[in-house]
Amino acid sequence: MKALLVFLFIFSIVVVVHEFGHFYFAKRAGILVREFAIGMGPKIFSHQGKDGTTYTIRILPLGGYVRMAGFEEEDELKPGMFVQLVLDEQNNVIKINTSKKIQLTNAVPVEVTAQNLVDELTITGYVNGQEADEQQFYVSPIATIIEEDGTEVRIAPRDVQFQSAKLWQRMLTNFAGPVNNFILAVVLFFILILLQGGVQNTQSTEIGSVAADSPAARAGLKTGDTIQEINGTTVSNWSELTQAVQKNGSDELTVVYKSGNQSKTVTMKPKKNTVNDQTVYQVGVGISMKTGIMDKIIGAFTLSINSFVQIFVALGSLLKSFSLDKLGGPVAIYQISSQAATQGWTTIIFVMAMISMNLGIFNLLPIPALDGGKLVLNIIEGVRGKPLSQEKEGIITLIGFGFMMLLMILVTWNDIQRFFF
């Protein structure tokens, strides 16, 4: 149960932050965000803000989504549909009820024969009891529509739709989701560094800690001492120090170190241990930390850049020799989350940062249905001077979506085989 909660926590935070990036820049561009949802499935709570966005919480805690006006939406009213219309004092429609679950008082029941909620903002139909006369109703540009599940959202006139925004605004909106994931990774790495007390000072051989009853402790080394030589070889950073100890093995070491203003020489015999199925030799000293605020900020960016490069190297390896074993889906994320749940908050934060970075990079791949694919279409529009037709763009997006679904099925099945069988 704990592992499941950790998985849902990590997945939801990373996805919601991604979607918030799209939401924020869409609002800045004047695009109506009809719904900002946390979770999936049936709605359990909704609130419509003054900005026109309906904020919902849905029952399945699996990420979230944003619905932008005009973005891959179908007509919400069809001929033959029975709806209830709420009118204002000027007989303009201010609310359209399409849900059978909700009945409105003082509403006009209408059988729809035609509608245009994008340009003309009209609904035409027969009022119940007056089937002989077809009537036309004008719709307020800020009218709301109650959908089948009871969610009430704004209608989407042309001027607030996604395609009505300038090209650079749409590109920023598409790019903002992955950028938010990169920002989240930096913030999480910074929190991780704070919890660890600072950044590891890998360019120094200053001792940050000495384990009790270790070879170093018995030899007299203390926190703050600086190791200068091992077996006659000068060591200037922590990597050289650990390599020298490993190279020596279990034989006795001669260590020259500086304590205060004095240079001292001691001998010690490393202790043999097994870490992650590998044999290591340790003398019981820990790396020192840089604790300045700028050190921590620089450290967060350094960790983020390193993880970014690491993922790109893995992506390059995948392209050179494709294998499903190099990919991971929800099952793999669950397995990683399960392991993190047993190792404490620092591991959970690290895993969340890496997944956020992965999601940001993955969404920038030039695959239709992903943010990267949408950016490619934006670039094509900029080169052509006009967008592709909605039909062509829809077909491209559908192909990309089908490819992603097929890949997800294959990866998930491979993960199940790999982790459970």
Side-chain angles (χ1 to χ4, degrees), residues 3-29 33 36-40 53 55 57-58 60-68 171-196 198-199 293-315 327-330 332-341 343-365 367 370-372 374-375:
L4 177 61
L5 291 175
V6 170
F7 164 72
L8 293 175
F9 173 75
I10 291 175
F11 187 79
S12 295
I13 292 292
V14 170
V15 173
V16 169
V17 167
H18 176 97
E19 295 299 328
F20 183 78
H22 295 311
F23 168 79
Y24 179 78
F25 276 89
K27 301 290 282 186
R28 300 280 291 183
V33 178
F36 184 98
I38 296 177
M40 298 288 185
T53 299
Y55 300 88
I57 297 176
R58 297 185 174 268
L60 299 176
L62 292 170
Y65 59 87
V66 293
R67 286 172 56 191
M68 287 180 274
M171 293 185 73
L172 279 179
T173 300
N174 287 329
F175 191 55
V179 168
N180 255 28
N181 283 128
F182 300 146
I183 293 172
L184 176 61
V186 174
V187 171
L188 290 171
F189 280 129
F190 181 71
I191 293 172
L192 184 64
I193 288 169
L194 289 179
L195 292 175
Q196 292 176 340
V199 183
I293 185 65
M294 284 307 299
D295 291 321
K296 293 174 181 176
I297 293 173
I298 293 171
F301 278 98
T302 301
L303 284 174
S304 300
I305 293 169
N306 289 344
S307 66
F308 188 91
V309 172
Q310 180 182 344
I311 294 167
F312 254 96
V313 170
L315 185 61
L327 296 171
I333 296 174
Y334 177 78
Q335 285 294 114
I336 295 170
S337 302
S338 300
Q339 296 170 8
Q343 298 176 28
W345 276 104
T346 54
T347 305
I348 291 172
I349 291 171
F350 176 78
V351 168
M352 192 187 302
M354 291 300 294
I355 290 175
S356 185
M357 186 66 74
N358 267 279
L359 182 64
I361 293 173
F362 178 74
N363 265 279
L364 285 177
L365 294 178
I367 300 173
L370 295 180
D371 295 326
K374 295 169 188 173
L375 285 168

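If you're wondering where the values come from, they're calculated on a predicted model, not measured in any experiment. Sequential numbering from 1 along the given sequence is applied to the chain's residues.
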### Message
Just to verify, what does F308 make a ring-ring contact (aromatic ring centres under 6.0 Å, His included) with, not counting sequence neighbours?
### Response
F182, F312
### Task
Only pairs at least two apart or in different chains count here, so list each side-chain hydrogen bond (donor to acceptor under 3.5 Å, both in side chains) that has a residue in residues 183-193.
none
### Query
Is the shortest heavy-atom distance from the side chain of T346 to the side chain of F350 under 4.5 Å?
no
#### Entry: Separation between CE of M352 and CG of L192, rounded to the nearest 0.5 Å
11.5 Å
### Message
Is there a side-chain contact (heavy atoms from CB on, under 4.5 Å) between L375 and L364? Walk through the geometry before answering.
### Response
CA-CA 8 Å; L375 285 168; L364 285 177; 3.9 Å; yes
#### Entry: side-chain hydrogen bond (donor to acceptor under 3.5 Å, both in side chains): pairs with one or both residues in residues 9-23, sequence neighbours excluded
H18-H22, H18-N181, H18-D371, H22-D371
### Message
Could you measure the distance from the CD1 atom of I193 to the CG atom of L303? Nearest 0.5 Å is fine.
### Response
5.0 Å
### Task
Work out which heavy atom in G64 is nearest to a heavy atom in M40; give both atom names and the distance.
O-CE, 3.7 Å
### Task
Just jot down the side-chain hydrogen bond (donor to acceptor under 3.5 Å, both in side chains) partners of Y65, sequence neighbours excluded, or say none.
E35, R58
#### Entry: Closest non-hydrogen atom pair between A185 and S356, with its separation
N-OG, 4.1 Å
### Approximate separation, where rounding is to 0.5 Å, of F190 CZ and I349 CD1
12.0 Å
### Task
Side-chain contact test, heavy atoms from C-beta onward, threshold under 4.5 Å: evaluate it for M68 versus T173 and give yes or no.
yes
### Query
Which residues satisfy the side-chain hydrogen bond (donor to acceptor under 3.5 Å, both in side chains) test with N180, sequence neighbours excluded?
none
### Query
Does a side-chain heavy-atom distance below 4.5 Å link I298 with V199?
no
### Message
Restricting to non-hydrogen atoms, name the atom on A176 and the atom on G21 that form the minimum distance, rounded to 0.1 Å.
### Response
CB-O, 3.2 Å
### Task
Let me see the working for V16 and F36 under side-chain contact (heavy atoms from CB on, under 4.5 Å), right down to the final yes or no.
CA-CA 9 Å; V16 169; F36 184 98; 4.2 Å; yes
### Query
Only one of V15, V14, L8 forms a side chain to side chain contact (heavy atoms under 4.5 Å, CB included) with F11, so which one is it?
V15
#### Entry: Side-chain heavy atoms of M354 within contact of F189, under 4.5 Å
yes
### Taking every non-hydrogen atom, the tightest pair across P178 and N363
CG-CB, 4.0 Å
## Note on the structure
d(I191 CD1, K296 NZ) to nearest 0.5 Å is 12.5 Å
### Message
Consider side chain to side chain contact (heavy atoms under 4.5 Å, CB included). Of F20, F23, Y24, which one does V66 pass it with?
### Response
F23
### Message
Restricting to salt bridge (Lys or Arg N to Asp or Glu O under 4.0 Å), what partner residues turn up for K27, sequence neighbours left out?
### Response
D51
